[in-house]
Protein chains: 2
Amino acid sequence: MQLRSPSRNFKEQKIVSVTRKDQVYTILRQAIISSQLSPGETIRKELVAAQLGVSRTPVSDAINRLADEGLVEIYPQTGTFVARLWLDKIETAQFVRVALETAAIRRTAERATPETIARFRQNLERQRKAADKQDFEQFYELDEALHDLICDAAGLVGLREIASKERSQIDRVRRLLLHYETRMIETLAEHEAIISAIADRDPGKAAKTMEAHIAQMGKMLLHLRDKRPELFGS
Amino acid sequence: MQLRSPSRNFKEQKIVSVTRKDQVYTILRQAIISSQLSPGETIRKELVAAQLGVSRTPVSDAINRLADEGLVEIYPQTGTFVARLWLDKIETAQFVRVALETAAIRRTAERATPETIARFRQNLERQRKAADKQDFEQFYELDEALHDLICDAAGLVGLREIASKERSQIDRVRRLLLHYETRMIETLAEHEAIISAIADRDPGKAAKTMEAHIAQMGKMLLHLRDKRPELFGS
DNA sequence: CAATAACATCTAACATGTTACACACCAACT
DNA sequence: AGTTGGTGTGTAACATGTTAGATGTTATTG
């Protein structure tokens, strides 16, 4: 009857309520990005619900969110599938990624403290070790951590989440291109260029490297499409 | 029993299935951005469902999506509210907007045909007329249409949707700042600068204008916060 | 009288039942 | 044989019932 005063009264800060749908979302997202679930594969909500011991509702909610993110394709009254790879969408995601990241780097370069840069370098150090050991999993974990660090260093609330979401397509593609083992070295070189650029306060330099890197990735994607066309759409 | 072959068989192109949740989403989003629903206001799912003649399910789905978009705040087991204005989040949204838009403009400038530019100018023409008539509604409609045109001209699939989503916060703020009637003229000037920059293939020029514009908007937001603090969070 | 604990109330989260529709399959017809 | 139309099946979309928890209020206790 009496409406509660609009939220001024309660916790202003976002409560990190981990609901079931959040958990399901996290699990499925991880499975998709890590390619445990392959592009094109059917997702059976009911089965997922049973396996996770929840009802269909939180599963549907999680999948809706993943559909927004472009990680699953929902065909009404027909089925839900792990999103296939669409070259044009990947291109767009690359574009958005570069746009956001160069802007973030520009901003970070202006305000990075020595401690921040030290943290970057520490991350790079560990990346190098992971690359030496050919530890893909560890490498990509550090890779994402570095991107998060850069976003955080830009000092913009919520930027990390936005960037992470827009990157999800690309994160997935990267995992699929893992076996092209030269990638890690190249990626590492790119990261070093980015960090140098920040240290030197010359972000334009980093952008150049990124562009070249992406062109390279495009080529490998075409190669992958020849080998495994079933992963691709269109 | 037999799983249908994973989607290779059916329509590859996105089916524009307008489900109820899509409709509810569109209606609510429009209401929020146009400030028919004020920041901080309570949203009663059940009431909305009754008013629209649907069940609670599509309403919940739509609201979840709006929460992802940052247009509503959901407090579990407590209530759902039209998102209040958070200056730091608006700052982030501005950052993302500028990053995406300058990148898009840069790309568009490289590939814009005379026809595309003519379409831009036609839009500007109509904006000027709307500004003369003080027709806010029409003006902002054209404004959004121009941004869409620029995104489309960049030739990247899905970029328009991404940009539009990330802009929603800002679109809402703009409407709230409508009464500062000088805005339309300023916005129009900004748009003219952008289009000139594209025509001259000098996107750097447009970025400068945008920055100034945003600084101006920040000042007005602080003013609004003094006058109507209930619209703001934090 | 202040602090606190029990309670009532309202809501989102969750569970489950129902419906409508897209697609596949097969039969009939040209 | 290729095309068309009817039918069955499985799924997402939708409806509705139930549960858990957050908050405001009131009672209780020191």
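We name chains A, B, ... by the order of the sequence lines, and we start the count at 1 in each one. Since the structure is predicted, the reported quantities are computational estimates derived from the model, not experimental observations.
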| Residues which pass side-chain contact (heavy atoms from CB on, under 4.5 Å) with Ile214(A), listed by chain and number, not counting sequence neighbours |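 Gln94(A), Arg97(A), Val98(A).
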
| message | Can you list everything that forms a side-chain contact (heavy atoms from CB on, under 4.5 Å) with Ala31(B)? Sequence neighbours excluded, please. | response |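 Applying side-chain contact (heavy atoms from CB on, under 4.5 Å) to Ala31(B) gives Gln36(B), Leu37(B).
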
Measure the distance from [atom1] on [X] to [atom2] on [N] and round it to the nearest whole Å.
| X | N | atom1 | atom2 | answer |
| --- | --- | --- | --- | --- |
| Tyr75(A) | dA13(D) | OH | P | 13 Å |
| Asp61(A) | dT16(C) | CG | P | 15 Å |
| Gln23(A) | dA13(C) | CD | P | 13 Å |
| Ile74(A) | dG10(D) | CD1 | C1' | 16 Å |
| Glu46(A) | dA15(C) | CD | P | 13 Å |
| Ile43(B) | dT11(C) | CD1 | C1' | 13 Å |
| Ile63(B) | dT11(C) | CD1 | P | 12 Å |

| field | Test salt bridge (charged side-chain N to carboxylate O under 4.0 Å, His left out) applied to Glu230(B) and Arg228(B), step by step | value | CA-CA 5 Å; Glu230(B) 78 279 7; Arg228(B) 304 191 55 190; 3.3 Å; yes

| message | Filter on side chain to side chain donor-acceptor pair (under 3.5 Å), then keep only pairs touching residues 48-63 of chain B, sequence neighbours left out; what's left? | response |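 Matches after skipping sequence neighbours: Lys45(B)-Ser60(B).
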
| query | Looking at dA22(C), does its base get a donor-acceptor pair with the side chain of Gln77(A) below 3.5 Å? | reply |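 Flag unset: no donor-acceptor pair detected.
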
| Heavy atom of residues 47-56 of chain B under 4.0 Å from DNA chain D: which residues? |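 Within this stretch, Val54(B), Ser55(B), Arg56(B) sit under 4.0 Å of the strand.
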
Just list the side-chain donor-acceptor pairs under 3.5 Å for residues 138-151 of chain A, sequence neighbours left out, or say none.
| unit_1 | atom_1 | unit_2 | atom_2 | d |
| --- | --- | --- | --- | --- |
| Asp143(A) | OD1 | Arg174(A) | NH1 | 3.3 |
| Asp143(A) | OD1 | His191(A) | NE2 | 2.9 |
| Asp143(A) | OD2 | Arg174(A) | NH1 | 2.4 |
| His147(A) | ND1 | Glu101(A) | OE1 | 3.3 |
| His147(A) | ND1 | Glu101(A) | OE2 | 3.0 |

| Of Arg20(A) and Asn64(A), whose closest DNA chain D nucleotide lies nearer the 5' terminus? |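 That would be Asn64(A).
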
| Closer than 4.0 Å, any side-chain N/O of Lys21(B) to the OP1 or OP2 of dA13(D)? |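 It does, given that an N or O in the side chain of Lys21(B) lies less than 4.0 Å from OP1 or OP2 of dA13(D).
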
| Glu110(A): partners by side chain to side chain donor-acceptor pair (under 3.5 Å), with sequence neighbours left out |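 By the side chain to side chain donor-acceptor pair (under 3.5 Å) rule, Glu110(A) matches no residue at all.
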
| What nucleic acid atoms does Thr80(B) come within less than 4.0 Å of, heavy atoms only: base, sugar-phosphate, or nothing? |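 Contact class for Thr80(B): sugar-phosphate only.
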
| request: Could you check whether Thr57(A) gets within reach of a base, just the sugar-phosphate, or nothing at all, counting any heavy atom under 4.0 Å? | output: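 Touches a base.
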
| task | Select one nucleotide: of dT11(C), dA15(D), dA12(C), the one nearest the side-chain heavy atoms of Lys45(B). | result |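 Among dT11(C), dA15(D), dA12(C), the one nearest the side chain of Lys45(B) is dA12(C).
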
| query | Counting side-chain heavy atoms from C-beta on, which of dC14(C), dA12(C), dT11(C) comes nearest to Arg44(B)? | reply |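 Ranking dC14(C), dA12(C), dT11(C) by closest atom to the Arg44(B) side chain puts dT11(C) first.
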
| request: Answer yes or no: are there more than 12 heavy-atom neighbours, outside Glu46(A) itself, under 6.0 Å from its atom CD? | output: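 Counting other residues, nucleotides and ligands, CD of Glu46(A) stays at 12 neighbours or fewer.
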
